[in-house]
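Presented below is the structure to which this report refers.
A quick note: this is a predicted structure, and the numbers were derived from the prediction, not measured. Whatever order the structure lists them in is the order used to number ligands and atoms, beginning at 1.
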Amino acid sequence: MSASGFPAEGFAAPQRRRLVTEIPGPRSRELAARRAAALPAGLTSSAGIYAAAAGGGVIVDVDGNCMIDLGSGIAVTTVGNSAPHVVARAADQLEAFTHTCFLATPYELYIEVAETLNRLTPGDHEKRTALFNTGSEAVENAVKYARAATCRPAVIVFDHAFHGRSLLTMTMTAKDRPYKHGFGPFAPEVYRAPMAYPYRWPSGPDNCAAEALGRLADLIDVQLGADAIACVVVEPIQGEGGFIVPADGFLRGVEQLCRDRGILLVADEVQAGIARTGRWFASEHEGIVPDLVVTAKGLAGGLPLAAVTGRADVMDAAHPGGIGGTYSGNPVACAAALGVFDEITSNNLLERARDIGDLLTRELREITAGTDVIGQIRGRGAMIAAELVLPGTTEPHRDAPARIARHCQDNGVLVLTAGTFGNVLRFLPPLSISDELLRDALGVLAGAFATL
Ligand SMILES: *Cc1c(COP(=O)(O)O)cnc(C)c1O
């Protein structure tokens, strides 16, 4: 890119919002036409622009428009796009070797990532880590470990859950459209319990945790029998479901129910983990210690890497050769992950995530004070959402988030939607974004709310 201002402040993208064409511009429209002729219709993108460069808090498109990034490629570039430590480590590794297959010829980087995750994940028990490529693949393997360790078949998941798109994880995902529709039959032995979703709990938020735990205990003890259940898989903050923070005490109750019955607790931290919520792991906010922790999205700064970290006795239960994958723990992705750990530590990004969350929450409340469509603003750290409802009701406002996201894109801000009912705006800015850019983006968002 040769647009003026490159490189600014050490980033590959100038750190300001600037539109130089209509959105999408002519180059993006040209690519959209090529795409329509080359890609299947079911593969969609939320933005109409095509990326050319990104860094800090900005994505520059192929027409030279500078867009403020409030999505981090769906919670992946938490430390920023092409973050310096990530680039340096990955580039060095690219020159050393790109692949030997860890199953064939192993290398140190994999071990270093495993040691780091063993140290950082909740609990000071002995742990082991296995690496994979995607969140779905890691969740599937967590279930394999849990089944191998318990010799039990069943898996319990929750309403509003998202665990991936592979056959097993699509089955574990709660939502028919777009994730499951027409893709069955599904995997057996997956059962669903109600999530303690305070905003939508029928008898109100105060009863939510206790009643949801009662329903879970009923599913386990009455319907299935505890000795049939390998694991409960839960997102400590639900991502695609709408950034649902479970009612206080719910996760601790789930942990206790599992412990008492020899059921393993698996935390799917794919979206909420790796500094996103102001802690290394979202489980820490509730003080739970899962038997297995699954990470992916934020783990390697955009390179495909995922992990299952768990109690040594559980992880060692799978037989030799039973777990693996050709590309799993790719050395370039491992190097990038070590760069991510460096970025988080050397730039105090846990604290930065909390500050971003405070700013976002405060300003979102301010700019929406005059509107009557906010059901709830919630989240932790730099994982904040606004659930939108029809005025004067708790009915989901199903088309407002898409309209707001569209208005924002037209004005140079990229924001994502979420929620079982599609009525949630979610904010996942890279932690490398400046307050100035955040405030500018919130100004655009205020304009979008004004058009409702
Ligand atoms: C994105 C996501 C997954 C699936 O990860 P992929 O890398 O897309 O397979 C699983 N669990 C959660 C909580 C996620 O947000």
Measure from NZ or CZ of Lys175 to the centre of the six-membered ring of Phe162, then state whether that distance is under 6.0 Å and the direction lies within 45° of the axis.
no
If you round to the nearest 0.5 Å, how far is CD of Glu112 from SG of Cys334?
9.5 Å
Would you say the rings of Phe102 and Tyr327 are close, in the sense that their centroids are separated by under 6.0 Å?
no
Residues Asp358, Arg354: salt bridge by 4.0 Å N-O rule
no
Close-range residues for ligand 1, whose non-hydrogen atoms fall below the 4.0 Å threshold
Thr134, Gly135, Ser136, Phe162, His163, Gly164, Glu235, Asp268, Val270, Gln271, Lys297
Can you label the angle between the Tyr110 ring and the Tyr107 ring as parallel, tilted or perpendicular, going by 30° and 60°?
perpendicular
In chain order, what residues pass the ring pair (Phe, Tyr, Trp, His ring centres under 6.0 Å) check against Tyr50, with sequence neighbours excluded?
none
